[in-house]
Amino acid sequence: MRALRVVVIIGVILGALFAGADRWAVGYAENRLAERIQQARPGQVGGAEVEIHGFPFLTQALSHDLDQVDLRLKDVEATADGRKTRLSQVDASFRGVKLNGSYSGGTAERAEGTALLTYADLTEASQNGVTLTYGGAPGKVKVTATVDVLGKKVTRSVVSTVTLVDAPGAKGGNGEKVVRVRADQVPGEGIPGIEGMIRKKTDFDRRLDEGLPSGLQLSALTSDESGVHLTLAGKDVSLAGS
């Protein structure tokens, strides 16, 4: 009986040591992977946080296969139709991650996530001299623009619908999408020349060329008081974000 008790105690101690070592190892790996992601895009990511799921971690690491890795990027420099813009936050969950030989990155079988585009950043991306704010309902934004009518500066606000549409030239369901902002109604609608003048300011499309982890694509969007929320999904997605 005493011998059994000793065996049990030793087993508990060894188990605790293994669990402690496993948690230290996963913490170290999370920090190193976060650093690697930022190093791969110098000056383009304000911060990176990584969380590796599953226990034990060490057996996953030895096989170079991770069940799930969650990534949060902050202040991501993106490119929309060649114009620099910013994604306030990108959250992605990678499933079935195959690590590379140096453990500095990997590729996920599939991934999904979200990205936040604030109204300030959407205003910057518009490049039309307009200001965008929340439109009071999901999928709506308010666009304020100033136009020259008969030599006078006139400022007007319109409620616009923000949607995700197929990119021009997209073929075969390749998933390429653009963010489209279109005014529901404009002042002077029906008056020759006025509607086109206003819509030239308020309406625009923007394709997100760079900024997301390679393989992630836009699949849906909505809006609320904090900004426009982009839904992301993809297969064979790069975890290193390069």
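Atom set for the values below is all heavy atoms of this structure, side chains included, hydrogens, waters and symmetry mates excluded. One-based numbering along the sequence shown.
- The shortest side-chain heavy-atom distance between I37 and V50 falls under the 4.5 Å cut-off.
- Checked by atom type and distance alone, the side chain of Q217 never pairs as donor or acceptor with a backbone atom of K177 at under 3.5 Å.
- Residues satisfying the side chain to side chain contact (heavy atoms under 4.5 Å, CB included) test with D121, not counting sequence neighbours, are T85, R86, L117, T118.
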Taking only distance into account, with no hydrogens and no angle test, what donor-acceptor pairs under 3.5 Å do side-chain atoms of residues 107-114 form with protein atoms, sequence neighbours excluded?
none

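- The CG atom of L218 sits 5.5 Å away from atom CG of L230, with the distance rounded to the nearest 0.5 Å.
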Would you tabulate the side-chain donor-acceptor contacts of residues 87-96 under 3.5 Å, counting partners in other chains and residues two or more places apart, or write 'none'?
unit_1: Q89; atom_1: NE2; unit_2: D91; atom_2: OD2; d: 2.8
unit_1: D91; atom_1: OD1; unit_2: R72; atom_2: NE; d: 2.6
unit_1: D91; atom_1: OD1; unit_2: R72; atom_2: NH2; d: 3.3
unit_1: S93; atom_1: OG; unit_2: Q68; atom_2: NE2; d: 3.2
unit_1: S93; atom_1: OG; unit_2: D70; atom_2: OD1; d: 2.9
unit_1: S93; atom_1: OG; unit_2: R95; atom_2: NE; d: 3.2

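- No donor-acceptor pair under 3.5 Å is formed between the side chain of H229 and the backbone N or O of D224.
- Taken to the nearest 0.5 Å, the CD atom of E30 stands 13.0 Å off from the OH atom of Y28.
- Contact check on D166 versus R180 returns no salt bridge, with no Lys/Arg side-chain nitrogen under 4.0 Å from an Asp/Glu carboxylate oxygen.
- Partners of T163 according to the side chain to side chain donor-acceptor pair (under 3.5 Å) rule, which considers only residues two or more places apart in sequence or in another chain, do not exist here.
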Side chain to side chain contact (heavy atoms under 4.5 Å, CB included), that's the test. Do L221 and T231 meet it? Break it down for me. CA-CA 6 Å; L221 63 73; T231 301; over 6 Å; no
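- Taken to the nearest 0.5 Å, the CG atom of L66 stands 5.5 Å off from the CD1 atom of I52.
- Within the structure, salt bridge (charged side-chain N to carboxylate O under 4.0 Å, His left out) contacts touching residues 48-68 (residues at least two apart or in different chains) are E49-K74, D65-K98.
- Every side chain to side chain donor-acceptor pair (under 3.5 Å) that T161 has, sequence neighbours left out, goes to K140, D184.
- In the hydrophobic clustering of ILVMFWY residues, with side-chain heavy atoms under 4.5 Å counting as a link, L116 and V45 come out apart.
- Among residues two or more places apart in sequence or in another chain, the side chain to side chain contact (heavy atoms under 4.5 Å, CB included) test is passed with A233 by S219.
- Side-chain contacts under 4.5 Å among hydrophobic residues (ILVMFWY), followed directly or transitively, place V178 together with V165.
- Under the rule for a side chain to side chain donor-acceptor pair (under 3.5 Å), T222 has no partner lying at least two apart in sequence or in another chain.
- Nearest approach of S223 to A137, heavy atoms of both residues: OG-O, 3.6 Å.
- By the 4.5 Å heavy-atom criterion applied to side chains, V143 and V181 are counted as neighbours.
- Judged by distance alone, with hydrogens and angles left aside, the side-chain atoms of Y119 form no donor-acceptor pair with the main-chain N or O of L122 at under 3.5 Å.
- The one candidate from T155, V130, T123 that meets the side-chain contact (heavy atoms from CB on, under 4.5 Å) condition with T144 is T155.
- Smallest separation of non-hydrogen atoms from A183 and D203: N-OD1, 2.9 Å.
- With values rounded to the nearest 0.5 angstrom, T202 atom OG1 is found 13.5 Å from R156 atom CZ.
- Note: L132 CG to S160 OG = 7.5 Å, rounded to the nearest 0.5 Å.
- Distance CZ/R32 to CD/E35: 5.0 Å, rounded to 0.5 Å.
- In this structure D236 satisfies the side chain to side chain donor-acceptor pair (under 3.5 Å) test with no other residue, sequence neighbours excluded.
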